[in-house]
Q: 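I have a structure I would like to understand better, so I am pasting it below and will then ask my questions one at a time.
None of the values given here were measured: they were computed from a predicted structure. Numbering starts at 1 and runs along the sequence shown.
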Amino acid sequence: MAIDKDPLPIYAPISEYRIEVFPLQHRLTVFKEDMLIKQYRVAVGTPSTPTPVGVYIITYKGKDWGPSFGPRWLGLNVPWGNYGIHGTNKPHSIGQHQSHGCIRMNNTDVLQLFELIPIGTKVIIHGHVLGYMNQDPRDLAEGDVGGDVQLIQSRLKSSGYFTGECNGKFRSDTTAAIKKFQRDRHLLPNGVVSRTIYEELGLIE
């Protein structure tokens with residue numbers, strides 16, 4: 001069971017609106033101050049390409065990026081990649097875990113949201129950074145990105161193994177830190193974050 005519940009990262013909003021996303025329910029809600037004003041059904045990421053849990057800000061808005069993204073895009077300031085709220089040319093995916101991490105909406109819905117929501121709006125994506133309840137966290141290796149990578153980097157840094165930036169990008173410096181951690185604990189130094197590594201770092205029990 002996961003025991004670390006801090007969403008990462010946290011930013012200060014500059015909008016009277018707030019968006020909250022509930023991936024398990026495939027639901028996006030919009031608040032103006034503390035009043036619920038809109039609810040939409042959405043598609044979210046798969047377990048292997050999860051929608052990034054945490055608190056973010058909409059930092060840019062775009063139009064007509066291509067059929068896969070529908071008519072509108074609201075970009076989030078996720079440190080490890082390009083994630084956003086956008087339309088889709090696969091309306092059958094709405095209500096499912098089928099995206100590569102972005103939040104997909106029906107095109108009519110995203111057009112409405114685009115006009116309503118200003119840049120600077122806070123977006124809270126609920127859940128645990130290591131995955132859903134009763135689900136083992138995913139194995140991680142060089143090339144992976146995500147909040148789980150950022151959490152591993154943070155734990156390794158606080159233990160003196162990692163000196164790089166905790167940016168959620170699993171690169172060679174993270175691999176080297178994992179291998180040193182594994183050697184010190186007499187584990188196979190393969191640079192892969194398995195369930196054993198999560199346990200050794202105190203992230204699951």
Side-chain angles (χ1 to χ4, degrees), residues 6-33 36-91 93-129 131 143-151 153-154 165-171:
D6 293 330
L8 297 173
I10 296 176
Y11 298 95
I14 53 171
S15 166
E16 62 184 338
Y17 291 93
R18 179 178 85 254
I19 292 173
E20 298 194 24
V21 180
F22 300 86
L24 282 178
Q25 289 77 40
H26 306 100
R27 187 173 77 248
L28 183 151
T29 59
V30 182
F31 293 85
K32 185 174 184 181
E33 296 178 342
L36 174 63
I37 60 171
K38 297 284 183 182
Q39 291 196 75
Y40 301 101
R41 192 156 174 80
V42 297
V44 294
T46 68
S48 59
T49 58
T51 297
V53 170
V55 183
Y56 307 102
I57 295 293
I58 291 176
T59 53
Y60 57 95
K61 297 166 67 175
K63 298 181 180 181
D64 301 321
W65 279 26
S68 296
F69 302 104
R72 297 292 185 270
W73 170 281
L74 295 91
L76 304 175
N77 60 341
V78 179
W80 51 86
N82 292 321
Y83 294 87
I85 302 167
H86 61 79
T88 183
N89 62 353
K90 298 178 179 177
S93 69
I94 301 300
Q96 300 185 57
H97 288 72
Q98 283 201 7
S99 82
H100 289 94
C102 287
I103 299 156
R104 295 180 190 169
M105 303 182 70
N106 283 308
N107 289 337
T108 53
D109 292 341
V110 80
L111 285 167
Q112 186 179 74
L113 189 71
F114 186 92
E115 295 302 319
L116 178 66
I117 295 299
I119 288 173
T121 297
K122 178 165 68 173
V123 178
I124 303 170
I125 302 175
H126 292 275
H128 192 282
V129 71
D144 286 329
V145 297
D148 44 7
V149 175
Q150 188 182 45
L151 185 56
Q153 290 170 327
S154 178
E165 181 184 357
C166 298
N167 56 12
K169 299 176 182 179
F170 202 131
R171 303 292 184 257

Q: At what distance, to the nearest 0.5 angstrom, does CD1 of Ile103 lie from CD1 of Ile19?
A: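 Going from the CD1 atom of Ile103 to the CD1 atom of Ile19 covers 8.0 Å.
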Q: Any side-chain to backbone donor/acceptor pair from Thr88 onto Gly70? Under 3.5 Å, distance only.
A: no
Q: Mind checking whether Met105 and Ile85 have side chains closer than 4.5 Å, heavy atoms only?
A: yes
Q: Thr51 and Val44: which non-hydrogen atoms are nearest, and at how many Å?
A: OG1-CB, 3.4 Å
Q: What pair of heavy atoms forms the shortest contact from Tyr83 to Pro52, and how long is it?
A: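 Where Tyr83 meets Pro52 most closely, the heavy atoms are CD2-CD, 3.7 Å.
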Q: For Ser99 and Thr49, work out which heavy atoms get closest and say how close.
A: O-OG1, 3.1 Å
Q: Are the side chain of Lys61 and the backbone N or O of Ile117 linked by a donor-acceptor pair below 3.5 Å?
A: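 Flag set: sc Lys61 to bb Ile117 pair under 3.5 Å.
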Q: Is the backbone of Phe170 close enough, under 3.5 Å, to the side chain of Asp144 for a donor and an acceptor to pair up by distance?
A: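 No; zero donor-acceptor contacts below 3.5 Å.
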Q: Is a donor on one side and an acceptor on the other found under 3.5 Å between the side chain of Thr46 and the backbone of Gln98?
A: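 The answer is no, because no donor-acceptor pair under 3.5 Å joins these two groups.
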Q: If we ignore hydrogens and angles and just use 3.5 Å, is the side chain of Glu20 paired with the main-chain N or O of His126 as donor and acceptor?
A: no
Q: Compare every heavy atom of Pro118 with every heavy atom of Thr121, then report the nearest pair and how far apart it is.
A: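 Shortest heavy-atom contact: OG1-O, 2.7 Å.
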Q: Classify the angle between the aromatic ring planes of His86 and Phe69 as parallel (below 30°), tilted (30 to 60°) or perpendicular (above 60°).
A: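 The rings of His86 and Phe69 stand perpendicular, inter-plane angle above 60°.
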Q: Distance check, rounded to the nearest 0.5 Å: Lys122 atom NZ versus Phe31 atom CZ?
A: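 CZ of Phe31 is found 11.0 Å from NZ of Lys122.
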Q: Would a distance-only check, ignoring hydrogens and angles, find a side-chain to backbone donor-acceptor pair under 3.5 Å from Gln150 to Cys166?
A: yes
Q: Once rounded to the nearest 0.5 Å, what's the spacing between atom CD1 of Ile94 and atom CG of Asn106?
A: 4.5 Å
Q: Passes side chain to side chain contact (heavy atoms under 4.5 Å, CB included), Val149 versus Trp80? Steps please.
A: CA-CA 9 Å; Val149 175; Trp80 51 86; over 6 Å; no
Q: Looking at CZ of Arg72 and CG of Asp64, how far apart are the two atoms once the value is rounded to the nearest 0.5 Å?
A: 5.5 Å
Q: Donor-acceptor check, side chain of Asn167 to backbone of Lys169, threshold 3.5 angstrom: yes or no?
A: yes
Q: Rounded to the nearest 0.5 Å, what's the gap from SG on Cys102 to CG on Leu76? Could you check?
A: 8.0 Å
Q: State, to 0.1 Å, how close Gly147 and Val129 come at their nearest heavy-atom pair, and which atoms those are.
A: C-CG2, 3.2 Å
Q: Taking Ser68 for the side chain and Asn89 for the main chain, is one N or O donor matched with an acceptor at less than 3.5 Å?
A: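 It does not hold such a pair.
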Q: Please name all residues satisfying ring pair (Phe, Tyr, Trp, His ring centres under 6.0 Å) with Phe114, sequence neighbours left out, ordered by chain then number.
A: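 With neighbours one apart ignored, the set is empty.
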Q: With no hydrogens and no angle check, is any side-chain donor or acceptor of Gln39 less than 3.5 Å from a backbone partner on Arg27?
A: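 Between the backbone of Arg27 and the side chain of Gln39 there is no qualifying donor-acceptor contact (under 3.5 Å).
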Q: Which residues satisfy the ring pair (Phe, Tyr, Trp, His ring centres under 6.0 Å) test with His97, sequence neighbours excluded?
A: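 Partners of His97 under the ring pair (Phe, Tyr, Trp, His ring centres under 6.0 Å) test: His26, Tyr132.
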Q: Does a side-chain heavy-atom distance below 4.5 Å link Tyr40 with Val30?
A: yes
Q: First locate atom NZ of Lys90, then atom CZ of Arg104, and finally report the distance between them rounded to the nearest 0.5 Å.
A: 5.5 Å
Q: Does Glu33 offer a backbone N or O that forms a donor-acceptor pair with the side chain of Arg18 under 3.5 Å?
A: yes
Q: Quick one: list whatever passes ring pair (Phe, Tyr, Trp, His ring centres under 6.0 Å) with His100, sequence neighbours left out.
A: none
Q: Below 30° counts as parallel, above 60° as perpendicular, anything between as tilted: where do the rings of Tyr60 and Trp65 land?
A: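 The arrangement is parallel - the two ring planes meet at less than 30°.
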